[in-house]
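Inspection log for the structure reproduced underneath, given as structure tokens.
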There are 2 protein chains.
Amino acid sequence: MAQKPNINRPTIVDVARLAGVSKSTVARALSQSSEVKKKTRDRVIKAADSVGYERNHLAHSLRSGRTGMLGLVIPDLANPFWAEVARGAQDRAMDEGVSLLVFSSDWNAEREAAHLRALRQARVDGALVNPVGDHIDELERFGMPVVLLGSSAPRFPDLPSVGSDINQGVRLGLDRLVALGHHAPALIVGSKGRLARTRFMRVVFDHCVDRDVDPQSLIVEEGEYTVQSGKKAMARILVKKTSEPMSVFVANDLMALGALLAVREAGLTCPNDVSILGFDGIQAGIFSDPGLSTVKKPARKIGEKGIRLLFDAIAGKASDKRIELACEMRNLGSLADISGTSPQHLTVVG
Amino acid sequence: MAQKPNINRPTIVDVARLAGVSKSTVARALSQSSEVKKKTRDRVIKAADSVGYERNHLAHSLRSGRTGMLGLVIPDLANPFWAEVARGAQDRAMDEGVSLLVFSSDWNAEREAAHLRALRQARVDGALVNPVGDHIDELERFGMPVVLLGSSAPRFPDLPSVGSDINQGVRLGLDRLVALGHHAPALIVGSKGRLARTRFMRVVFDHCVDRDVDPQSLIVEEGEYTVQSGKKAMARILVKKTSEPMSVFVANDLMALGALLAVREAGLTCPNDVSILGFDGIQAGIFSDPGLSTVKKPARKIGEKGIRLLFDAIAGKASDKRIELACEMRNLGSLADISGTSPQHLTVVG
DNA sequence: GCAGATTTTGGGAACGTTACCATTTTCTAT
DNA sequence: ATAGAAAATGGTAACGTTCCCAAAATCTGC
């Protein structure tokens, strides 16, 4: 194919010719903050408008070293929680006049690496990443400003990050469970190798110990953060545990909703037979039957704050900030109050 | 600030020096399909690896006229339906090795225009757009390959498009309603000025006429495609219409779920008092109480096919294709069967 | 009206790549 | 061996912008 770069789009030289000035002057006139005579600037702008000039962002970026593009790498755009985070990032990016390259990694380390490579080659100004695995070096020598998304910050001590306050969120959830009489909930967590899993479990265990509950006594099942896997995990729990009423604390809302389906399919009802507590705060939980009680993470704010931090990192200031935003409890119908009944399910250490 | 383009990232010249060849040769060796001696190619690749060379995509794009980036402009990334479409587009884009710039327009024509401008300046190879308003010219003189997303194709006869088959989908829904004895459902549609609204209404009306139902007799309320607005719209309907049982056909699932909430708040139950039929097929509808019966659009496929069409358009072939993908009925619990009761609610024309 | 300071402008060179053309090297057949 | 073709390589000019430095124009105060 013959050469066909830019099908006749007017360039700065065309504008210069029309306005009767040099291209340098046009460049200056068009980039607001330079010293150009008012009169010439007007002339240039008029000329630019008349030919429909639009700055070639590629050339601009190549020369200036700034692309005005940021990368966003999240596990799954179709997951409402991450979609919400992405939306927050988008909004903030739009305010700043930058564009977002968005990728889904599907919790797959290889894909994540490929996306990061693509971002580096596109020479984005920085990236917002929820890291999948613990290929730490990959990220640390990423070679451009990064801000981490989510709770994986501890693994990357040198990088700024923004996520929800897992510690506070989990406590919020456990306190609620305890208040309703559930002292040793079963857990459905992410699968091994996922950073968020470890964090969630450790915090739950710590808080159990605080309340003299033996973490070892808790039933723990794994899922892939999807509805289907949550459903299966719940089914496995129902096989193991026969004593009712019981409760389950699920590490994300999609799995929690899946668990709800499993309970329903087993001929049981929530919350009478099984109480379910989610973690995320996605909208779908509001409509479920019963409504999903959950610990709501400030998803959109995470995205917004992430972009803000990223801008700081790009500007070179305060590059090691770590932000944890508070979660809120959303109480709907999926938790039963069994505080009145005999505490036969209470597992006490010592 | 001093000049700081590319903080010492190795370029093609560095590789050339190291490999002892000219930069032209490096360029050729690295772009697979050219005539280079096997031996030199290996040497070049080794040199490139050893310095950690990564092609500068900006320079490449500037020179070649291809950016390997596509634009995606949808109304709202936080809306599960559109997130799903975006995910489909992402997957397909990844297969082709291109990146996606993703924007949300919030059904705001000005924002949409701003996003389109950004895409043009970024010199993306093409764009996938769900157009908000009918500022037709804006899109037609967009100046680069575009594929439309959604049902607005009729307004832009010259552009290729991919969406769901509204005609078939609406018929699917209405047939189901009729089968259950609902002959004249109320409607909750998008607000004026939104392209999808007109399309949806016209098709509903046409099918009503086919069945000798007077379209004028239908209650029609407006919403903004959000849960809240759907809830309010349903509340307005409940004030107007007192005869039970009744049914409502809602133009998107989020509003339908909102309607569900309104019914619940009014002290009524779905489907006993009010039957609700949605349109979209988002996951949240599966968990609601009752499950939302809805006409499911093939969201992910729309995104995938959209990218495929866009590639065709970029390659210059078959630029006027219009694709409408079939919808499916998802039957859950939100529709009551009243076909046995007396047809007092049936409005017959003539 | 003029020297000197100050704006304002123009002319390149660069950013890192690819495309073209000329040149060199290698291969093939005599 | 050698002419001629074919393959491989090098040199240089783009792509469209910004940045630097020098040149020109304008503005000061006397």
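Below, read A as the first sequence line, B as the second, and so on, with proteins coming before strands; counting in each chain starts at 1.
- As judged by a 4.0 angstrom heavy-atom cut-off over every strand, B/Ser61 is placed among residues making no nucleic acid contact.
- The side chain of B/Arg55 approaches C/dT18 more closely than any other nucleotide in the set D/dC15, C/dT18, D/dT9.
- A donor-acceptor contact under 3.5 Å is not formed by the side chain of A/Ser22 with the base of C/dG11.
- The pair A/Arg308-A/Asp312 does not meet the salt-bridge criterion, since no charged nitrogen lies less than 4.0 angstrom from a carboxylate oxygen.
- When the shell of 6.0 Å around CD of A/Glu96 is examined, it contains more than 12 heavy atoms from other residues, nucleotides or ligands.
- Computed from coordinates, the B/Arg66 CZ to C/dA19 C1' distance equals 16 Å when rounded to whole Å.
- Distance CG (B/Leu58) to C1' (C/dA14): 15 Å, rounded to an integer number of Å.
- Within the 4.5 Å cutoff, the side chain of A/Ile302 has heavy atoms near those of the A/Leu325 side chain.
- Using a 4.0 Å heavy-atom criterion, one finds that A/Val21 contacts the sugar-phosphate atoms exclusively.
- Listed pair B/Thr40 / D/dA8 fails the phosphate criterion, with no side-chain N or O lying under 4.0 Å from OP1 or OP2.
- Side-chain N/O atoms of A/Arg28 include none lying less than 4.0 angstrom from OP1 or OP2 on D/dC19.
- The heavy-atom pair separating B/Ala78 from A/Arg300 by the smallest distance is CB-NH2, 3.4 Å.
- Counting to the nearest Å, the P atom of D/dA25 and the NZ atom of A/Lys39 are 15 Å from each other.
- Nearer the 5' end of DNA chain D, as judged by each residue's closest nucleotide, is the contact made by B/Lys37, out of B/Lys37 and B/Ala59.
- In this structure, B/His60 atom NE2 and C/dA19 atom P are separated by 8 Å, rounded to whole Å.
- Contact between the side-chain N/O atoms of B/Thr25 and the OP1/OP2 oxygens of D/dG10 is found at a separation under 4.0 Å.
- In this structure, the side chains of B/His115 and A/Met94 come closer than 4.5 Å at one or more pairs of heavy atoms.
- Listed nucleotides D/dG10, D/dT18, C/dT9 differ in distance to A/Ala27; the shortest reach to its side chain belongs to D/dT18.
- Here C/dT17 is the nucleotide among C/dG10, C/dT17, D/dG10 with the atom lying nearest to any side-chain atom of B/Arg63.
- Counting to the nearest Å, the P atom of D/dG16 and the CD atom of A/Glu54 are 14 Å from each other.
- In this structure, B/Arg43 and A/Lys23 both approach DNA chain D, and ranking their closest nucleotides by distance from the 5' end singles out B/Arg43.
- In this structure, B/Arg123 places its CZ atom 11 Å from C1' of D/dT17, rounding to the nearest Å.
- In this structure, NZ of A/Lys38 is placed 23 Å from P of D/dA25, rounded to the nearest angstrom.
- Whole-Å rounding puts the A/Ile12 CD1 to D/dC19 C1' distance at 12 Å.
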